[in-house]
Structures are given as structure tokens and as C-alpha cells.
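What follows is a set of notes on a single structure, which appears directly below.
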There are 2 protein chains.
Amino acid sequence: MTSGASEGTRRSWKQNPEAVQEDILRVAIAVFAESGLSGARIDEIAARTQTSKRMIYYYFGDKMGLYMRALEAAYAKVRAGEDQLDLGTLPPDEALARLVAFTFDHHRSNPDFIRMVMIENIHNAESLAASAVIRNMNVSAIEKLRDICRRGEAEGLFRKGLDPIALHWQISALSFFNVSNRPTFSALFGEAVFSEDGQRALRRQIVDSLLAEVRPKAPGAL
Amino acid sequence: MTSGASEGTRRSWKQNPEAVQEDILRVAIAVFAESGLSGARIDEIAARTQTSKRMIYYYFGDKMGLYMRALEAAYAKVRAGEDQLDLGTLPPDEALARLVAFTFDHHRSNPDFIRMVMIENIHNAESLAASAVIRNMNVSAIEKLRDICRRGEAEGLFRKGLDPIALHWQISALSFFNVSNRPTFSALFGEAVFSEDGQRALRRQIVDSLLAEVRPKAPGAL
DNA sequence: GCAAAATTGTACCAACTGTTACATTAAAGG
DNA sequence: CCTTTAATGTAACAGTTGGTACAATTTTGC
């Protein structure tokens, strides 16, 4: 709490509302992801912050308010990362391959987000359902896939009648489970699948599998 | 404290330790699955039981002891259900198809078990790793797959070098996610995937996909 | 039958934890 | 400057909750 510049002894503080809120949200995501909704302690969040418990209640009202804002912030950060991915110029099959591989890697590098979604599922997605903010963020994820499907069908590379949502379901399932269930899976069946080699093989497998799925069923030879 | 001498009715009770413990475990699974480890309240578990809070501590020591026994009981029940499935006589490809479809359905009908595993993953599988009981139960799941792979390779139906654990990973991922992430997924992308038709299509898709994966890569036409 | 062990009932507590009342200081407006 | 409002520090409270002390009752061992 030492303000460095001129007068050191005077007990004073700078005001910086936005930085304070961001600080709180950053820590809140970490703690909620770590301990769950009921498991997370406001005192611990406060302790890991540059500010005090008082400010959490000042800005976020109560624990649920903080949780919802943290959930929204977690989604926002991850979706922003996803928007970095540009598939517009690639041919459909390469675009799909790249999207799958990217999703797999992206989930791996955002374990806190995965854990927030796990927690939200434990609570039946009540907070998520109540947040229009989050719902709007997720249409773009499907739009990407819908566009790929449309182009793939138009070029005859993909079979007709593909369901972008079902495809997204499959991609999400494999990429999500890979992070969410690592603790139990590796405890029961070993760490091999999660080694560098194992993960590389898995990602390749998933990409190939998805590509095979969208290709038109060849009646004769290829 | 004082003897309840008011009414002459003698208060008496039957002893039935095993039934009491089973009752407690049954309720504990439900409540832990519903509210998580920190979210679950011993008082609520006791209230939904035929017995009292006192007995929970008498038989299970503390909350963590109860949680671990509940986790073991949940695993035991589900694995017992899986052992009903007999694949010994089927040809390998049909056996695999049946195993995948069965797993998909079995997970759907055991949401409490899925939620217990979710909770365990949130807590980094610490209780699961500490339970030799559970670890022993899960070898058979892999053995089934290993046997199918062995037979499939021997008959030339499957390609060589299949990894039973990686296969199990894929089957689990899709079947698990289907239950675990239904709340968030349907909140964001609609319920269609989880309708009867949607689930049938999904299961078919998964089975086909896995079968295609294990088949030898045809160099020429089929 | 009887003492010891096992099982259950009742009431209670100590600690934790979300939340708030009150006081104080920094910025904004005029 | 001075008033008002926004932002922060300090400390405590009230409800909850895991856990227990003590007693009563049933079963078991002999």
C-alpha cells in the first residue's frame, strides 16, 4: 500500500476503479476455478487481490454477483482468443482441420475456463442461462462452422445435411474432456495419453476422424 | 438430558447397521452429486435419511470419509452395471459397436455417477487416487477393450497397433460430455442435440466413427 | 443373567464465512 | 474553497455448519 512517489508517510491511496475491478475478476476466476462456487472463499479472493474484501462487495454486490461477472469474464477472454483464428481463406477441409486442432490446443491452454464451465454444469448452468452477454458471445463459434459446412457442401467436398451444432458438439466433447477429466482419467489409466506424444496422436486422431465424418460417403472407389 | 418421563411410551429402536449405512450412502451420493463436495450439507444428507446426523459421524467419521465412501459406492454401482454386458461371443466389430452404444446409454442413465466424477475432477481426483478400491474396479473396463482389439487384429478386421486406452478415452469423452455438459451446451446451442432424435443420431455417429477408426486403412478401394 | 461393546438420541458448541455498519479519504462539480 | 459523491479502510456481526460430549438403549460374549 506504499505510494512510491513523493509523500511516503501519509496514509493515502490512489483511486483506480477499473484496475481494481479487473484485479478482483482475475483473482476470482482463479479461485472459483480452483475451489468451485461454494468452495471458493471471499476472504481468499480478497487476500490474493491488491485490494480488500470491502471492495468486492462494493463493486459486485455479493458472491453470486462476483461469480457471474467472473464467468462472463472467463468466457470473454476465451472467445476473444478464438476470434484470433482466421479461416476465411482456407479451403473447407483445411479450415475444419485447423479449427479442430486449434480448439483442442486452445482448451488445453485455458484450464481455468474449462473448470469454470465444469462448475457451471454442476450448477445446471443457471448463471450462464441468466447471462445474455455470454449467449451472444457464442453464436460466432457456430457461425464459423456453419460457414465451413456451407462452403464444403458447395464445393462437393462435404456431404450434404451436415449439422454444424452436432459437429461443434463433437469437437467440444473431445477437446473439453481432454482437460476436464484428466485428473480422474490419468489416475485410473495412466498419464501416457496426456504426454506430449499422446496428445499429438490424439489430436491427429480427432482431426482425421472429423474429416472422415464430413466427407461424402463414397459409393464406389475414391 | 433429563429423562423424558412425561409419556410412559418407551422409546425403542431396532438396530440394523448395514441398512443404515446403505441408506446414508444412497442419500450421500444424491446430495454430493447435486451440490458438490463443499456445497453438500451434512444436515441435508441426514434429513433425507431415515437416521440421524449422529450416525453419519458414527459410521463415516467425517465429511471426507463419507464422501470417499460415497464415491466408491457410486463407482461400484456403475461398474456392476457394466459387467452385465457380455461381448465374448460377438465378432470384434460388433462387440465394439455394442460396447460404444452401451457406454453412451449407460452414462445417460447414471447422471449421478457422472456428476460425482465431475466433482472429483474439480478436486483433482485426490480422493479417487487415494482409493485402491476404485482403481481395481477399472482394470476390467480396459480389459474388455483390449480383448476386442486383440481379436480384431487377429482376424484382420482391425488395424494393428490400436491403443485400448486411447480408444477408451474417445468412447468416454463423447459419452461423458454428453451428460456432463448438457446444461451449458443446451443453454448456449439449444436442446435439439439432446432430443430423442438428436441422441439417436449422435450415438449412431459415434459408433460409425469409432468403427471407421479401427478398420485397416484401405490402400485401394473397399 | 450380566458386563462389555455396539448402536442411537439429544443437545450443544466453536469456528468459519458471507455480509454489513461506520468512519475516512480522494475526486468531481460549481 | 466547499459541498457532494465516489472509493477505501476497519471492525464486527449473525447465521450457518461440521463436529462432539454425554446419555440411553440394544446386542453380544460368556
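Residue numbers start from 1 in every chain, and the chains themselves are labelled A, B, ... in the order their sequence lines are given, proteins ahead of strands.
Atom CD1 of A:Ile24 and atom P of D:dT8 are 9 Å apart (whole Å). Rounding to whole angstrom units, OH of residue B:Tyr57 and P of C:dG9 are separated by 16 Å. Atom CD1 of B:Ile42 and atom C1' of C:dA15 are 16 Å apart (whole Å). Summarising the geometry, the separation between CG on B:Leu66 and C1' on D:dG18 is reported as 12 Å, rounded to the nearest angstrom. Between the CZ atom of B:Phe32 and the P atom of D:dT17 there is a distance of 14 Å, given to the nearest Å. One interatomic measurement links the two molecules: CG of B:Asn16 to P of C:dT7, which rounds to 11 Å at whole-angstrom precision. Between the OH atom of B:Tyr58 and the C1' atom of D:dT26 there is a distance of 11 Å, given to the nearest Å. As a whole-Å value, the separation of A:Leu37 CG from C:dG18 P is 10 Å.
OP1 or OP2 of D:dG18 sits under 4.0 Å from a side-chain N or O of B:Arg41.
No engagement by B:Phe60 is indicated, since no non-hydrogen atom pair under 4.0 Å with the nucleic acid exists.
When each of D:dT17, C:dG18, D:dT8 is scored by its nearest atom to the side-chain atoms of A:Asp43, the top-ranked nucleotide is C:dG18. Closest to the side chain of B:Tyr59, out of D:dT8, C:dT8, C:dG18, is C:dT8.
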Please tabulate, for the side chains in residues 32-47 of chain A, all donor-acceptor contacts under 3.5 angstrom to protein atoms that are two or more places apart in sequence or on a different chain.
unit_1	atom_1	unit_2	atom_2	d
A:Arg41	NH1	A:Ser38	O	3.0
A:Asp43	OD1	A:Lys53	NZ	3.1
A:Glu44	OE2	A:Arg48	NH1	3.0

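Summarising the geometry, atom OG1 belonging to B:Thr103 is positioned 10.0 Å from atom CD1 belonging to B:Ile206; distances are rounded to the nearest 0.5 Å.
Using the six-membered ring where Trp is involved, B:His106 and B:Phe102 have ring planes that are parallel, under 30° apart on the 30 and 60° scheme.
For B:Gln50, the CD atom is loosely surrounded, since the number of other residues' heavy atoms within 6.0 Å does not exceed 12.
Less than 4.0 Å separates DNA chain C from at least one heavy atom of each of the following residues of residues 46-56 of chain B: B:Ser52, B:Arg54, B:Met55.
Annotation: side chain of A:Leu66 is not in contact with side chain of A:Tyr57 (no heavy-atom distance under 4.5 Å).
Of all heavy-atom pairs spanning A:Phe104 and A:Gln199, the tightest one is CZ-OE1, 3.7 Å.
In summary, the side chains of A:Thr184 and B:Asn121 do present a donor paired with an acceptor at a separation below 3.5 Å, with no hydrogens or angles considered.
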